[in-house]
Amino acid sequence: MDTVTVTLVNKPELIIEAYNITPDAFAGKSLEEIGNLECHEGNHKTALKEFFTITGKAGATAESTKIIVKGDCTRVKRIGQKMSAGEIVIEGNADMYTGGWMLGGKLHVTGNVDAFCGIQMEGGEFIIDGNADNHLGSSYRGDWRGMRGGLIRVGGNAGSDVGTFMIGGTIIIEGNAGIHIATHAEGGTIIVKGNAMSRVGGQMVKGDVYIFGTIDVMMPGFRYIGDVEKEVDGKSATFAHYIGDLGERHPTRKGEVIYGNLYQKI
Amino acid sequence: MAEYLIKNGHVFDPILGIKGEVHNIAIRDGKFVEPSALTSSAKTIDASGKTVMAGGVDIHSHVVGPKVNVGRLFRPEDKLFKSPLRQPKNARMEMGFSVPSTFKTGYDYSRMGYCFVNEAAMPPLHSPHVHEEIRDTPLIDNTAMPVLGNNWFMLEYLKNGEIENNAAYTAWLLHATKGFAIKVVNPGGTEAWGWGLNCVTINDPVPHFNITPAEIIKGLIETNEYLRLPHSIHLHGNNIGNPGNYTDTIDTLKLAEGYSPNCDFGRDQVIHNTHLQFHSYGGDSWLNFESKAKEIMEYVNRQKNLTFDLGVVTLDETTTMTADGPFEHHLQSLNHLKWANVDVELETAAGIVPYVYGKDVKVCNIQWAIGLELALFCNDPMRSHITTDHPNAGPFIRYPRIIKWLMSKASRDELLHSFKWSEKVIGATNIESIDREMSLYEIAMMTRAGTAKALGLSHMYGSFTEGLAGNVAIYDLDPENMPSDPEMIEKAFGRAAYTLKDGVIVVKDGDIVGDTPKSTIWVNVKVPENKQVARDVSEKFLRYYSVNKDNYSLFEEHLHNPKVIEVDITA
Amino acid sequence: MAKIELNMITQRSIEEGIAMEIGKTSPQYFEACSIIEMNPKDMKKLGILANTNVRVTSEFGTVIVKAVEPRQTCYPGLCHIRQGVWANQIVPPITQSTGEPQYSGFIVTVEPAEHEVIKSALECVQGAVGLWKGVK
Amino acid sequence: MAKVIKDVGCPYCGACCDDVEVTVSDDGKKILEVANVCAIGAEIFKHASREDRVKLPRMRQPDGTYKDVSYTEAIDFTAKMLVKAKKPLIFGFGSTNCEAMSSAAKVAEKAGAVLDNCASICHGSSFLAMFDNGYPSCTLGETKNRADVVVYWGSNPAHAHPRHMSRYAMFPRGFFTGKGVMGRKVITVDPRFTDTARVSDIHLQVKQGHDYELFNAFRMVVRGFEADIPDVVAGIKKEQILEVAEIMKNARFGTIFYGMGLCHSDGRNHNVDEAISLTRDLNETTKWTIMAMRGHYNITGPGAVWSWQFGFPYCLDLTKKNMAHMNPGETSSIDLAMRDEIDAFINIGTDAGAHFPIEAVKHIKKHPMVTIDPNICMASEISDLHIPVGIVGVEVAGIVYRMDNVPIQYRKVIDPPEGVISDEELFERIYQRMCELEA
């Protein structure tokens with residue numbers, strides 16, 4: 001695998017939309033060509049080289065391209081957007097839409113990310129060592145097809161609206177999560193190792209949510225049906241098992257109604 | 001204004017009976033003239049080896065107005081990564097796929113060689129909105145049809161058999177809304193939807209109003225012919241979209257028997273049945289759902305006073321929208337997607353639901369086949385018009401694809417056999433056994449000559465007849481050397497080599513290159529003074545409407561570039 | 001000194017609406033909007049009578065307003081400042097990624113501030129952006 | 001002779017009363033009397049005739065004071081600001097006509113700006129909910145003619161839409177509702193005992209911020225799971241939930257009118273979303289509709305105009321110039337301000353100075369700021385430039401959209417002060433000036 005290192009050296013006045021920092025866009029290109037890839041600062045259309053120094057070498061394909069992003073990218077949006085293969089390591093923070101619409105490959109952020117990261121992800125692995133803000137692994141506005149596949153793992157906390165309209169894949173949050181987890185979900189798995197606030201599983205049709213800590217306010221639409229032993233993210237524990245949201249519509253399979261599952265560790 | 005001589009093109013004009021022979025077309029002052037009338041300053045467009053037709057005329061499309069706009073508003077995902085980037089010569093950006101922005105609507109139609117679109121449904125209360133959107137839809141002339149099939153005035157007049165009063169009211173409404181024709185959607189059923197109910201057959205009584213859909217339809221035909229309107233009633237019948245509805249459709253069409261057109265605009269029909277595909281279903285559930293296109297067309301072919309448009313399902317992700325409120329409610333209970341509904345006081349309703357016509361879904365494939373079968377079974381393409389009931393069965397930008405399917409059995413078969421359930425689809429339809437391939441001449445009937453005639457607008461559009469608007473579409477297709485690859489047909493109709501609107505080149509090589517003002521066409525009928533109707537209107541506004549009467553009628557300043565068609569029935 | 005935590009909402013009222021149309025620098029607007037409505041039980045807890053100035057502080061700011069008995073009853077624990085200049089001195093600009101600030105449902109502390117003066121609308125806004133030049 | 005102008009639309013709230021009667025002086029310059037109008041609307045009409053109206057643009061001087069300048073200078077300043085900025089924000093539009101919204105959109109598209117309206121801090125949550133769950137609604141006349149049950153949830157028309165109850169929802173006698181208020185059940189859900197609750201049949205004093213759970217409880221009951229709901233949800237006892245659910249289920253036609261109580265509290269759009277879900281559920285067995293109590297008389301307008309022009313109702317990021325992008329939370333005014341993502345600001349037909357959280361105002365003020373408004377407001381008093389314009393609905397005619405998306409054609413009743421131009425003309429001239437600057 002060949003590695004390209006992009007380092008943010010000129011900070012933008014506003015923000016940068018760096019939708020071309022992906023293995024897909026870099027693959028098969030020279031450093032000069034990569035530097036000339038388009039990016040935007042507001043209505044100022046420019047090239048990556050205005051902000052970044054670029055060193056190393058890109059692979060012939062996305063699969064064989066690794067990108068290391070250095071410098072403070074707290075105000076750099078859309079890194080890894082739509083990436084299909086290869087690898088990106090962001091050493092530090094990144095802004096909105098990091099890993100948005102990700103299809104495959106591996107994306108690792110050692111710091112924090114802002115809102116809308118990993119939205120409508122379809123595949124691959126997205127690791128955030130720090131915190132993630134709102135709408136992690138959520139859907140774009142209006143789309144009923146949220147996250148479909150892949151894995152998102154957050155080392156710290158997540159904001160509100162984790163996995164809205166999720167239909168597949170897994171989100172694991174080592175810390176706490178904000179309100180609205182798995183709202184409108186029709187599949188997928190969300191694991192919160194810390195505490196949840198309220199509105200867990202509201203309007204949920206299908207899917208699994210695991211909460212290891214507390215839930216501030218339980219949705220009235222969930223019914224306790226018993227305790228179960230489950231292995232979750234490599235560890236076994238006993239959980240109180242709830243089904244719901246009973247107030248929402250539910251499909252049937254072979255004559256049996258399918259509900260969303262909420263497991264709270266006892 | 002520039003003069004043009006379009007030289008050496010293969011011209012298709014069903015009105016003039018020109019079937020691809022090489023002719024020269026001349027335009028001066030925005031209108032067609034004899035080539036001899038051109039001055040020496042005329043510019044020449046070389047159309048040799050190309051197909052030349054009059055500008056396209058769309059008889060039924062939902063492009064402007066409140067429910068279209070809800071469709072835009074509530075589907076941001078219809079724009080995400082789906083909008084084309086703005087082209088350099090465009091005045092404005094173009095947004096959306098299934099429900100495009102007004103600018104994209106105008107540009108896209110123009111790229112396909114169309115110059116006129118009839119907005120399929122205008123809720124009268126919302127007419128200022130419709131006219132605002134018309135203003136912002138470039139390059140295509142528009143008409144808009146006020147919906148009348150569930151209007152409280154109409155229900156009461158027709159219940160009492162008061163055709164004259166209903167006609168006076170209709171004339172008032174056309175004037176108030178600057179409307180064009182009488183649109184009927186699920187007659188009675190949409191009023192019933194005010195209570196969450198429906199009228200499924202033409203004999204189901206409308207709650208409270210004591211009238212049946214059959215009586216409404218007959219009454220509106222009589223009203224229409226009494227008023228001598230350019231277009232016939234434009235009907236979306238009861239029980240749309242349900243398995244087995246073809247019998248209801250035939251029952252509905254039979255209501256036209258015994259009526260003949262009464263107007264000076266040259267149409268032959270008294271009912272235009274829109275998006276007939278959605279009304280041609282057999283079976284009694286989605287499991288044994290099948291095509292009844294053949295049965296429907298056996299009836300339609302025998303009747304001379306009917307026209308229809310297809311409403312071909314294009315197998316896209318799209319947005320359904322109709323004044324058939326109960327149908328959209330039914331649809332959301334099937335696909336569980338977001339559902340918008342707008343009931344309009346005293347008048348109508350509307351529902352909007354996104355819909356994914358899946359390529360691997362048997363029912364959708366059968367729907368696709370039915371739309372094409374209707375065209376292929378029809379004896380007279382002048383009466384059969386290409387539409388997708390945009391955006392209901394698919395976006396209008398798929399017309400070129402439909403033309404490809406109609407002109408090429410190979411392209412139909414290729415798609416048919418690629419379906420996951422192709423055997424089942426073949427079993428439930430007739431499409432595989434149909435060999436017919438339509439000609440460019442027939443396509444010209446189905447997209448301009450026939451539509452203009454049915455609309456009663458053949459004095460303005462659809463032909464190269466002298467004096468008509470200088471609207472021309474030149475397609476990069478050589479009739480003497482048609483491409484072996486059907487994809488080339490779709491490409492040619494999708495990106496016109498030239499589109500001229502009122503004698504101005506607005507599209508060249510498939511790109512927007514120019515601009516010219518567009519018009520709003522409406523019908524003003526002079527009827528005998530009717531004091532009772534005037535009183536009824538005042539009273540209903542006072543008691544039941546939520547707006548005042550004098551704010552309801554469109555203010556003159558909100559009507560843009562009007563062209564009025566005057567009809568005087570008092571003479 | 002007593003200090004209580006309340007849940008704050010900031011909404012429209014007809015007095016605010018009328019005053020706004022008269023003008024935001026008018027005495028009517030000042031009267032209508034520089035007040036906090038709270039349950040008498042909470043006033044009692046705070047050890048104040050109605051029509052006493054109080055300091056209201058959120059995570060994002062602080063403002064002096066006059067405590068009044070609500071025209072529209074708040075249950076104990078809930079308080080209301082009419083939407084506008086004074087409310088917005090303390091409204092959290094937190095949007096939960098929706099674009100909408102937390103105008104309703106944020107925790108404030110309320111403490112008596114009998115001797116402090118309520119700023120005018122202009123002072124509140126111009127003061128915040130360094131344009132306030134004092135009373136002309 | 002004074003003359004009376006009838007059928008005048010009121011430029012205050014989203015109820016868009018169009019039956020106002022205005023008596024104007026002989027010369028057509030002064031408003032003498034106004035009838036059929038609420039206390040707030042009356043103020044607007046009165047205001048127009050006031051002597052202290054600003055009649056010329058005012059430019060901030062280095063010493064902090066304002067100096068009158070010509071419209072040409074003001075337009076030049078604004079156009080230059082837009083041309084220079086990388087990400088200007090044009091915000092407001094609650095109080096102007098659709099014609100102005102359209103011409104402002106043309107300016108924003110040319111400038112590569114962000115275009116946003118007051119919904120961003122008001123009913124934006126409703127848009128987000130509509131995106132996710134739709135909007136089964138109706139026009140107000142439907143409620144008037146059919147509704148036997150009306151719910152005001154987190155809305156307070158007695159204060160915010162003073163004639164809403166009498167014109168459309170609670171009191172009027174319609175075609176199927178001849179008994180008026182006697183035939184209607186009115187339910188108010190609000191954490192406060194509001195003046196609306198006072199005139200309602202039932203008041204549910206929901207615990208602030210817990211509407212979502214209460215909607216969920218109602219949905220449980222509607223779906224037959226009443227046994228599963230707790231004894232108290234969001235501060236409301238189960239018996240009362242069952243009682244109200246029964247009324248809702250048995251309604252022949254119901255409308256839920258909801259307001260800021262849902263949009264401004266925790267969960268924002270999700271509260272509205274669940275309200276829409278409840279409405280959908282009720283439509284399985286009877287007829288229910290839902291409607292946002294939109295605030296300003298034409299705040300529905302920009303949502304309509306920009307949807308047909310761009311496909312999005314608000315928070316339009318037009319910076320790419322070749323396509324529009326929208327994502328509230330990112331492209332919304334408050335978030336842009338707080339993240340320092342914008343470098344110029346135009347306040348038009350609103351008062352961001354008074355209605356934004358002050359923290360957001362501080363961020364915005366780091367960059368050039370222009371206020372376009374007929375009156376002195378908080379935004380005008382902190383701007384670099386204040387451009388006065390005619391008052392729409394009083395001095396300028398045009399189309400506005402009522403809260404139910406019904407277009408209402410507003411009339412002009414008097415002339416604006418001499419020399420004062422309309423919003424529409426102003427934006428057209430800014431556009432022309434930008435074209436000149438870029439040529």
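Heavy-atom basis, side chains included; hydrogens, waters and symmetry copies ignored. Numbers restart at 1 for each chain; the letters A, B, ... are given by sequence-line order, proteins then strands.
- When heavy atoms are compared at a cutoff of 4.5 Å, D:Y12 approaches chain C solely by way of its side chain, counted from C-beta outward.
- Heavy atoms only, all atoms of each residue included: C:G84 and D:H355 are closest at CA-CE1, 4.2 Å.
- Neither the backbone nor the side chain of D:E330 comes within less than 4.5 Å of any heavy atom in chain C.
- Heavy-atom neighbours of C:E116 CD from other residues, nucleotides or ligands within 6.0 Å: above the threshold of 12.
- Top candidate by heavy-atom pairs under 4.5 Å with chain C, chosen from D:A160, D:C38, D:G209, is D:A160.
- With a 4.5 Å cut-off on non-hydrogen atoms, D:T194 touches chain C through its backbone and its side chain both.
- For the pair C:H80/D:R192, a side-chain contact is recorded, criterion being any heavy-atom separation below 4.5 Å from C-beta on.
- Between C:Y103 and the options D:C122, D:C263, D:P357, a side chain to side chain contact (heavy atoms under 4.5 Å, CB included) holds for only D:P357.
- Taking every heavy atom of both residues into account, D:I121 and C:G99 meet most closely at CG2-O, 4.2 Å.
- Inter-residue side-chain proximity for C:C124 and D:I358 is flagged as unmet; no heavy-atom pair is nearer than 4.5 Å.
- Using modelled atom types and a 3.5 Å distance limit, the side chains of C:Q72 and D:D190 yield no donor-acceptor pair.
- Contacts between D:H123 and chain C at a heavy-atom distance below 4.5 Å involve the backbone alone (N, CA, C, O).
- Of residues 334-342 of chain D, those residues lying under 4.5 Å from chain C by any heavy-atom pair are D:I334, D:D335, D:M338.
- Between chain D and the options C:G105, C:G61, C:P101, C:G130, heavy-atom pairs under 4.5 Å are most frequent for C:P101.
- The CG atom of C:L6 sits 12.0 Å away from atom CD of D:Q208, with the distance rounded to the nearest 0.5 Å.
- Closest heavy-atom contact between D:K362 and C:A128: CG-O, 3.5 Å.
- In this structure, the portion of D:N156 lying under 4.5 Å from any heavy atom of chain C is its side chain and not its backbone.
- The OG1 atom of C:T10 lies 7.0 Å from the NE2 atom of D:H264; values are rounded to the nearest 0.5 Å.
- Only the backbone of D:D63 comes within less than 4.5 Å of a heavy atom in chain C; its side chain stays farther off.
- Ranked by non-hydrogen atom pairs under 4.5 Å with chain C, the options D:T196, D:N327, D:D351, D:T331 are led by D:D351.
- No more than 12 heavy atoms of other residues, nucleotides or ligands lie within 6.0 Å of NZ in D:K207, so this atom counts as exposed by the packing criterion.
- In terms of heavy-atom pairs under 4.5 angstrom with chain C, the leader among D:C377, D:P191, D:G124, D:S332 is D:P191.
- Annotation: side chain of C:Q102 is in contact with side chain of D:R268 (closest heavy-atom distance under 4.5 Å).
- Contacts between residues 18-51 of chain C and chain D, defined by a heavy-atom separation under 4.5 Å, are made by C:I18, C:M20, C:E21, C:I22, C:K24, C:T25, C:Y29, C:E37.
- Counting only heavy atoms from C-beta outward, the side chains of D:M260 and C:S104 never approach each other to under 4.5 Å.
- Using a 4.5 Å cut-off between heavy atoms, D:P162 contacts chain C through its side chain alone, with no backbone atom that close.
- Contact annotation: the side chain of D:H159 approaches that of C:R71 to within less than 4.5 Å [non-hydrogen atoms, C-beta and beyond].
- With a threshold of 4.5 angstrom between heavy atoms, D:A42 does not approach chain C through any atom at all.
- With a 4.5 angstrom heavy-atom cutoff, C:I94 touches chain D only via backbone atoms.
- For the pair D:G353 and C:V125, the tightest heavy-atom approach, listed with the atom from each and the gap, is O-CG2, 3.7 Å.
- Side chains of D:E359 and C:N88: a donor-acceptor N/O pair is absent below 3.5 angstrom, by distance only.
- Using modelled atom types, no side-chain atom of C:Q96 and backbone atom of D:D266 make a donor-acceptor pair closer than 3.5 Å.
- Across D:A39, D:A360, D:S125, the residue that shares the most heavy-atom pairs under 4.5 angstrom with chain C is D:S125.
- With hydrogens and angles disregarded, no donor-acceptor distance shorter than 3.5 Å links the side chain of D:E381 to the backbone of C:L122.
- If you measure heavy-atom distances from D:K366 to chain C, you find no contacts under 4.5 Å at all.
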